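Note that the numbering runs from 1 along the sequence shown for the chain. None of these values were measured; they are calculated from a predicted model. All values below come from the heavy atoms of this structure, side chains included, with hydrogens, waters and symmetry mates left out. Just follow the structure's listing: the first ligand is 1, and inside any ligand the first atom is 1.
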Amino acid sequence: MTKAFEPEIVAFCCHYCAYTAADMAGSKRLSYPANVKIIRVPCTGKVDPIHIMKALHKGADGVYVAGCLEGDCHFKTGNIRAAHRVRRVQALLEEIGWDSRRVEMITMSAGMGERFAQTAREFTEKIRELGPSPVSRAGQEAGRQAVS
Ligand code: FES
């Protein structure tokens with residue numbers, strides 16, 4: 001029997017908003033998929049395209065960058081820079097034949113625990129529908145060949 005696909009998701013979360021929203025979701029006991037692995041960053045402006053590409057290269061099926069609402073970045077324009085970088089990574093993915101929906105920029109405030117949980121659920125579901133990324137699919141096939 002084949003195992004159902006469970007996507008690996010990496011979420012780069014700004015310390016001041018999305019990470020705090022994740023905390024709030026936890027304290028409100030709002031459930032969200034365990035598929036989402038959170039990486040706390042001081043500001044989404046610190047997330048470089050290489051970080052996103054490295055996460056995908058290491059087998060993440062989807063990556064999102066979650067920052068402060070527009071105008072609320074503690075470092076003024078970090079979230080705007082991050083959104084620009086995410087668009088560049090999406091364009092790069094399209095160029096190499098990947099679905100650019102595997103990478104997304106999301107904004108929220110620290111008080112939006114529900115939005116955090118909902119985003120994690122919706123993004124996970126979207127990636128589940130897209131299926132494994134080409135890298136993770138190759139890893140799964142290599143694993144199957146090693147077993148057989
Ligand atoms: Fe949150 Fe910059 S401090 S995105």
Per-pair distances, 0.1 Å, donor-acceptor, side chain in residues 123-131, under 3.5 Å, sequence neighbours excluded:
from, atom 1, to, atom 2, distance (Å)
Thr124, OG1, Ala120, O, 2.7
Glu125, OE1, Arg128, NH1, 2.9
Lys126, NZ, Arg101, O, 3.2
Lys126, NZ, Glu104, OE1, 2.4
Arg128, NH2, Glu6, OE1, 2.8
Arg128, NH2, Glu6, OE2, 3.3

Below 2.8 Å, which protein N, O or S atoms neighbour atom 2 (Fe) of ligand 1, ignoring water? Cys43 SG, Cys73 SG
Linked, directly or transitively: Tyr16 and Phe116 (ILVMFWY side chains, under 4.5 Å): no
State plainly whether one hydrophobic cluster holds both Phe5 and Ile9, where clusters connect Ile, Leu, Val, Met, Phe, Trp and Tyr through side-chain heavy atoms under 4.5 angstrom apart. no
Which distance, rounded to the nearest 0.5 Å, do you find between the CG of Asn79 and the NE2 of His84? 13.5 Å
Sort and list the pairs that fulfil side chain to side chain donor-acceptor pair (under 3.5 Å) and have at least one residue in residues 48-62, not counting sequence neighbours. Asp61-Ser136
Quick one: name the residues clustered hydrophobically with Leu92, using the 4.5 Å side-chain heavy-atom rule over I, L, V, M, F, W, Y, and just say none if it's on its own. Val10, Phe12, Ile39, Val41, Val47, Ile52, Met53, Leu56, Val63, Val65, Val86, Val89, Leu93, Ile96, Trp98, Val103, Met105, Val135
